[in-house]
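Notes follow the structure.
Atoms within each ligand, like the ligands themselves, are counted from 1 in listed order. What you see below is based on every heavy atom in this structure, not just the backbone, and it leaves out hydrogens, waters and symmetry mates.
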Amino acid sequence: MRIALGADHGGVHLKDRLAAVLLAAGHDVEDVGTHDTSSCDYPDFAHAVADRVLDGRADRGVLVCGTGQGMAMTVNARPGIRAAVVADTFSAQMASLHNDARVLCLGERVVGQGLAQACLEAWLGASFEGGRHQRRIDKMTAPSDP
Ligand code: RB5
């Protein structure tokens, strides 16, 4: 899989670790930065990853900041793409199966490397089920009365 990876200063260590894991598993990884712990702005990296997933340069994206929250909020402000913040493997798997989340967001200050890697593998190992879940995703941007 082609995977775009990004982080801010709060997530760079975990991002680098996950890049190594993905490369070892045979994925094609593009690391959009950041590359050190100098203070930077997470939306810059969230947009770089979202751009790549939206235009097809990447199949999926992974973003790491302190909590994962700012990254996910930024990606979810972009039409046509969904990001999920996860800190457990069940949610990571379901984010693929039911929510078709093409971007996974993790918090380096929230999860350890082992759990982050397990979440990544659970998310990558699952595929969107479509059907009723696609109908629900369509309603995210087309509100209707229940
Ligand atoms: C940076 O201090 C921190 O705010 C950022 O990494 C992230 O947690 C934001 O959502």
(message) Has H27 got a side-chain atom pairing as donor or acceptor with R2's backbone, closer than 3.5 angstrom?
(response) no

(message) Quick test: of every protein heavy atom, which one is nearest to atom 9 (C) of ligand 1, and how far off is it to 0.1 Å?
(response) Y42 CE2, 3.6 Å

(request) Would you mind checking which non-hydrogen protein atom is closest to atom 10 (O) of ligand 1, with the distance to 0.1 Å? (result) G70 N, 2.9 Å

(message) With a 3.5 Å distance limit and no angle check, can you tell me whether R82 reaches the backbone of N99 through a side-chain donor-acceptor pair?
(response) yes

(request) Report, in ascending order of atom number, the atoms of ligand 1 lying under 4.0 Å from any heavy atom of D8. (result) 1 (C), 5 (C), 6 (O)

(request) Report yes or no: does H9 have a heavy atom closer than 4.0 Å to ligand 1? (result) yes

(request) Considering only NZ, NE, NH1 and NH2 on the basic side and carboxylate oxygens on the acidic side, decide whether R52 and E30 come within less than 4.0 Å. (result) yes

(request) Please check if the side chain of E108 supplies one atom and the backbone of H13 the other of a donor-acceptor pair under 3.5 Å. (result) yes

(request) Check for a donor-acceptor pair, side chain of D41 on one end and backbone N or O of D44 on the other, with a separation under 3.5 Å. (result) no

(request) Report yes or no: does R109 have a heavy atom closer than 4.0 Å to ligand 1? (result) yes

(request) Give the contacting part of T67 toward ligand 1: side chain, backbone, both or neither, where contact means a heavy-atom distance below 4.0 Å. (result) both

(request) Please answer whether the main-chain N or O of A101 pairs with a side-chain N or O of W123 as donor and acceptor at a distance below 3.5 Å. (result) yes

(message) Considering both backbone and side-chain atoms of G68, is one of its nitrogen or oxygen atoms within less than 3.5 Å of a nitrogen or oxygen in ligand 1?
(response) no

(message) For atom 7 (C) of ligand 1, what's the nearest protein heavy-atom neighbour? Residue, atom name and distance, please.
(response) C65 SG, 3.4 Å

(message) What I want to know is whether G66 and ligand 1 share at least one N or O pair that is separated by under 3.5 angstrom.
(response) yes

(message) Yes or no, since that's all I need: does a protein heavy atom fall within a distance strictly under 4.0 Å of atom 4 (O) of ligand 1?
(response) no

(message) Could you check whether any side-chain N or O of R102 sits under 3.5 Å from a backbone N or O of D59, counting only pairs where one atom can act as donor and the other as acceptor?
(response) yes

